[in-house]
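Okay, structure first, notes after.
Only a predicted model underlies this, so the values are computations on that prediction, with no experimental measurement involved. Reminder, nothing fancy here: chain letters follow the sequence lines and each chain counts from 1.
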Amino acid sequence: MTDATSQTGLPGAQPRKSLHAADARTRRRNASEARFRFFGAAAIAISILALIVLLTSVLGNGLSAFRQTFITMPVALDAKVLDKSGTGDIEVMKKVTTIGYAKVIEKALTAALAEKGIATDGLDAKQISGLLSQEAAASLRNQVLADPSMVGQTVDVKLLANGRVDGFFKGRVTMDSAKLDSNISPEQLELALKMREAGLMSVSFNSGFLFGGDASELRPEAAGLGVAILGSAYMMLIVLVLALPIGVAASIYLEEFAPKNKWTDLIEVNISNLAAVPSIVFGILGLAIFINFMGLPQSAPIVGGLVLTLMTLPTIIIATRAALKAVPPSIRDAALGIGASKMQAITHHVLPLAMPGILTGTIIGLAQALGETAPLLLIGMVAFVREFPGAPPEGFFDPASALPVQVYNFTQRADPAFVERASGAIIVLLVFLLLMNAVAILLRRRFERRW
Amino acid sequence: MTLMKLTASTIAIAAVSATAAMARDNIQIAGSSTVLPYATIVAEAFGENFDFPTPVVEGGGSGAGRKKLCEGVGENTIDIANSSSRIKQSDIDLCKTNGVEEIMEVRIGYDGIVFASDIGGPDFAFTPADWYNALAAEVVKDGQLVPNTAKTWADVNANFPAQDILAFIPGTKHGTREVFDVKVLEAGCKASGAEEALVAAKGEEDGKKACLALRTDGLSVDIDGDYTETLARIAANKNAIGVFGLSFYQNNTDKLKVATMDGVVPSTESIASGEYPVSRPLFFYVKKAHLGVIPGLKEYIEFFVSDDMAGPEGPLAAYGLVSDPELAKTQEAVAAETPMGALN
């Protein structure tokens, strides 16, 4: 029967043509195949284009944040002004405020300009010292208080230049815009140019951006990410230490021990549900439980870490369960078969084999938590924090900021110099995310076993 | 084994968090995003020059800040609420129910609200009536109350160029909007004679409320973000006019052109003298129960209102705060820790 049909064809079918010449139906099929591929390629192209636009805008705006204009000049630290008692007593020296130090720097700048023979016609003292950042006095004061023996000597110091001067060397401020700008004049910029030629002013790598604290709107040039990076690191540490063991324990129980009934079903549905809950909800929960009920301090990494732990747990549990499921039952059966207990089978065989998957899931969960701002809004971490938190564990309770929060804060400031800072902060955040994802891929590649 | 270690460290962390009743040694501040830059400037200088840590300053809005202040007394509540409008009776009542009995009111100075457009555009000399006629839902035309159909500024006032009307005004959650409503729309409503007509048509209360009703055809746009968003929108749409704080404008004079109001150019001087009409006082509110408990709180307040900071030559004035002519009185009140009386 089958032979007969295959030779004569179905009743009413077209007579068979050569397989080499495509008929209309094959052509349609091929065309739709080509279209299908084209749509896929177009989707990829659109994503790549979006990525390129994003990266060029972020890199174009932000790379300049890693370089900064500095003024290097000798400053005579007059003992009469800075150490009134003459005994080097630190408590007495602390009485001299940054206003006093600003005057010392102003004097030093005028002297340095005179020494290099740079004319400052038409500029008053306030305009000349306006080339310096207001941070300069504070940084000099800190240097002197850290090493009181400097008083009475003339030391070479590297001080931040004003944000507008810095913007001029980076192309953000031009002579034309300076004419309209109430914070800087073209004459001041010309003086800056002369100072650069004379070697007083230079543009160099800005370590303060990575290691300094935040700064107010009067000194955008001094704003840094140090507190935010440390705060984010503390929170990630807390999330890792809490979420990994809790998540793994929960998954092992659900996957290996729990009876299959409606209770476990309910738990399962809830875990998947929690993974999709908007993160701000966890912030509200954190405010109610950790701050209002438990009395933990506001703006502290411990609260941020706990909130992010709750947010990351579902992700880790889902990834871990998938990794445990991927371990073939034959391994469990073999272990149980030669007399291992259930716990031995899991801790000696199943868990080590599932580890790469678990770690990958954890790292992806952490990366997600690292970029989260919304839950931190409600627990007081979206704030101006200048002071570094202490060393852990006490430091977990000190106020700190976080990287995405710092991006958000920078974008809200009035001074245009904060635009580059915001993009610079995004670059730092992206680098961290990239590193974490690279580690996740590496772990998967190196240790994953396929059956 | 590793699992055991992890569990052990988890328990250790949990133990640490349980003993969290540590003394707070930093000041916590929250509230108005208008006051935020001033507060950060003072906080920064305070941390530099005193032996206390730099205070932590949060934004979030005036209302949210005052609510947080009134949450209760204790180290996990904030010490100071910044506010760009005066505290409300409802806030004071909330404070009372939560045990916050005494609050100090500190006025730090005045803030101007300016109208600015793209630097390349034409000059404008506004009056509140112009703004009312441009943005209100109903205006008076030839003695009749009619829906607003003005499309260009020339339709509003023949002296203006025929530029399309597009205004970016602060959203209703901002304290700035309140000032805009009172000092611009209400004043313009009265000046243009629309208030009379509206009150005649709708009765005393509804008529006055109708003064604040804005047109809904998209020519008046509420901005819920910050001034940076308004600036970005103006950069994208050169015809638009936006509402900014004076300090924001002063930091962006190379991009924005400011309009006069009633013929007065906004500046710290014209606002201090009261000539420029659209301004408001800025405040912060201190929880008195925290004085002497949180280290440095009194010093911070005194430092904030000192002549070095809030005076006419201080850094706050340099940033755009209009210094309070009665600063000396505020300093006295702060030194004496006088709590605020009932609202009048």
- Task: For residues Ile223(B) and Arg233(B), determine if any side-chain heavy atom of one lies less than 4.5 Å from a side-chain heavy atom of the other.
- Result: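 Result yes, sub-4.5 Å side-chain heavy-atom pair found.
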Pick whichever of [options] has the most heavy-atom pairs under 4.5 Å with chain B.
options                                    : answer
Gly213(A), Ala215(A), Ala178(A)            : Ala215(A)
Asp398(A), Leu377(A), Asn183(A), Asn409(A) : Asn183(A)
Val96(A), Val385(A), Ile291(A)             : Ile291(A)

- Query: Any idea how Phe46(B) and Tyr300(B) line up, ring-wise: parallel (<30°), tilted (30 to 60°), or perpendicular (>60°)?
  - Reply: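 Judged by the thresholds at 30° and 60°, the geometry between Phe46(B) and Tyr300(B) is perpendicular.
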Heavy-atom cut-off 4.5 Å, strictly under: side chain, backbone, both or neither for [X] against chain B?
X         : result
Thr411(A) : backbone
Ile99(A)  : side chain
Arg164(A) : side chain

- Task: Among Asp51(B), Leu231(B), Ile29(B), Val42(B), single out the residue with the greatest number of heavy-atom pairs under 4.5 Å to chain A.
- Result: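 It is Asp51(B).
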- Residues Glu48(B), Arg141(A): salt bridge by 4.0 Å N-O rule: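 Salt bridge between Glu48(B) and Arg141(A), a charged N being under 4.0 Å from a carboxylate O: no.
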Let me know if [X] has heavy atoms under 4.5 Å from chain A in its side chain, its backbone, both or neither.
X         : result
Phe248(B) : both
Ser33(B)  : neither
Lys255(B) : side chain
Thr54(B)  : both

- Message: Under 6.0 Å between ring centres: does that hold for Phe115(B) and Phe124(B)?
- Response: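 Judged by ring-centre distance (under 6.0 Å), Phe115(B) and Phe124(B) do not meet the cut-off.
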- Query: Taking the six-membered ring for Trp, are the ring centroids of Phe284(B) and Phe304(B) within less than 6.0 Å of each other?
  - Reply: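 Centroid distance Phe284(B)-Phe304(B): below 6.0 Å, so yes.
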- Calculate, to the nearest 0.5 Å, the distance between atoms CD and OG1 belonging to Glu44(B) and Thr98(A) respectively.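 Rounded to the nearest 0.5 Å, the CD-OG1 separation comes out at 9.5 Å.
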- Message: Take a 6.0 Å sphere around OH of Tyr408(A) and say whether it holds more than 12 heavy atoms from other residues, nucleotides or ligands.
- Response: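 No, the 6.0 Å shell around OH holds no more than 12 heavy atoms from other groups.
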- Are a donor atom and an acceptor atom from the side chains of Asp79(B) and Gln28(B) found within less than 3.5 Å of each other?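 Asp79(B) vs Gln28(B): no donor-acceptor pair found between side chains.
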